[in-house]
Amino acid sequence: MKGFVTVSSSFLLACLLAFILQIFFFSPISPDLLELPPATSLPTNKRLQEVIRLGEGTLEGPEDVCVDRDGVLYTASRDGWIKRLHSNGTWDNWKKIDSNGLLGITISKEGGLIVCDAEMGLLKVTDDGVTVLASEINGSKIRFADDAIETSDGNIYFSVASTKFGFHNWYLDLLEARPNGQLLKYDPSIKETSILLDNLYFPNGVALSKEEDYLIFCETWKFRCSKHWLKGNNKGKTEIFVQNLPGGPDNINLAPDGSFWIGLLQLTSDWLKFVHTSKLSKHLVASFPKLIELVTGLRKKAMVVNVAADGRIIRMFDDPVGKVMSFVTSAFEFDGYLYLGSLNTNFIGKLPLTLY
């Protein structure tokens with residue numbers, strides 16, 4: 001009996017040591033602690049529960065939405081299809097790309113779309129086909145192209161959410177909470193890509209001001225958006241645009257009046273707050289990925305905010321329990337309506353702004 005106890009104790013000790021080795025020495029992350037913003041004081045209004053559902057059942061996680069000058073709506077689905085909704089209400093499958101990592105899309109000034117693909121990089125998609133504009137930077141593969149915006153002179157600014165982790169293990173970047181991201185610039189005149197800003201915390205959405213004198217980019221893990229000046233006396237400078245947002249900012253789009261619409265990821269659950277106070281808990285979650293579902297509220301809530309050009313929050317719409325909308329990643333205003341993309345729905349949400 002004594003020998004059995006000794007063997008059992010040795011076995012348990014070996015298992016414990018193996019568990020510790022797995023967590024600390026084979027962990028895929030090298031984490032920092034992260035302070036989450038205080039809980040939002042914005043009152044809930046449940047207005048995202050009132051959306052009209054476009055393309056329901058034919059879309060799979062439409063992450064971003066854009067509308068061209070003719071009123072044709074575009075979105076990219078997880079099955080690799082870029083789909084269009086025409087002004088007469090009909091859908092069609094426009095272009096198929098062999099990828100389930102299609103993310104930010106924007107209308108190109110010369111026609112077609114600029115598309116960020118998490119695997120291939122920066123793409124140009126037209127009726128004639130797909131062209132890869134940028135797939136590497138300084139000899140390194142672009143791992144996680146996220147969102148893009150094109151200026152009137154053809155330059156394209158786009159975000160690389162992480163240089164360390166990819167789209168399908170994005171949660172590791174969240175747990176690591178280090179500045180692994182970049183903001184890049186693609187110059188079509190010389191077909192070269194350069195680093196505009198480095199050491200960013202999961203840079204996500206990118207938008208231009210109405211006058212194109214600055215751009216706004218979102219840093220999801222820092223719950224803030226920053227302004228980078230492209231023209232004027234402040235050219236080259238970067239400053240905070242809005243911070244302590246009530247969610248992690250995803251995509252951002254310019255509104256017709258010069259304000260901005262931002263989709264907010266619900267990353268402020270009590271469990272996640274606890275995880276970010278302990279490196280041990282971060283290693284634990286990273287080693288057992290299914291735990292990430294327990295510590296985020298992505299699929300339980302939805303929120304978008306409208307932020308003025310001076311950084312003030314003007315309006316907020318939400319679905320506090322995810323009854324209709326959840327995991328909203330983008331909000332695009334066109335002709336009096338707000339169009340909402342999500343990685344957790346099979347439709348595009350459409351909300352009439354004239355009612356609010």
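Since the model is a prediction, treat every value here as computed from it, not as a measurement. By convention here, the first residue in the shown sequence is residue 1.
Among V285, D32, L291, the one residue that satisfies the side-chain contact (heavy atoms from CB on, under 4.5 Å) test with L175 is V285. Exactly one residue among V130, T131, I114 makes a side-chain contact (heavy atoms from CB on, under 4.5 Å) with L123. That residue is V130.
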How far apart are the C-alpha atoms of N100 and E60, what are their side-chain angles, what is the distance that settles it, and do they pass the side-chain hydrogen bond (donor to acceptor under 3.5 Å, both in side chains) test? CA-CA 10 Å; N100 61 6; E60 183 184 347; over 6 Å; no

Yes or no on side-chain hydrogen bond (donor to acceptor under 3.5 Å, both in side chains) for D318 and T44, after CA distance, side-chain angles and deciding distance? CA-CA 6 Å; D318 75 335; T44 183; 2.8 Å; yes

Given side-chain hydrogen bond (donor to acceptor under 3.5 Å, both in side chains), test T90 with N88 step by step and report yes or no. CA-CA 6 Å; T90 61; N88 62 5; 2.7 Å; yes

Checking ring pair (Phe, Tyr, Trp, His ring centres under 6.0 Å) for the pair F202/F144: CA distance, chi angles, key distance, verdict? CA-CA 10 Å; F202 207 84; F144 196 160; 5.5 Å; yes

Go through the steps to decide whether S140 and N138 satisfy the test side-chain hydrogen bond (donor to acceptor under 3.5 Å, both in side chains), and finish with yes or no. CA-CA 6 Å; S140 297; N138 296 336; over 6 Å; no

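Within the structure, ring pair (Phe, Tyr, Trp, His ring centres under 6.0 Å) contacts touching residues 97-128 (residues at least two apart or in different chains) do not occur. Residue pairs meeting the ring pair (Phe, Tyr, Trp, His ring centres under 6.0 Å) criterion with at least one partner in residues 71-130, sequence neighbours excluded, are Y74-W94.
The line from CG of L122 to CG of D147 is 10.5 Å long, rounded to the nearest 0.5 Å. Separation of atoms CG (N180) and OH (Y201) is listed at 9.0 Å; rounding is to 0.5 Å. Interatomic distance, NE2 of H276 versus CG of L267, reported as 7.5 Å (0.5 Å rounding).
Side-chain contact check for S259 and D257: at least one donor-acceptor pair (N or O, by modelled atom type) lies under 3.5 Å.
F260 meets the ring pair (Phe, Tyr, Trp, His ring centres under 6.0 Å) test with F241; sequence neighbours excluded.
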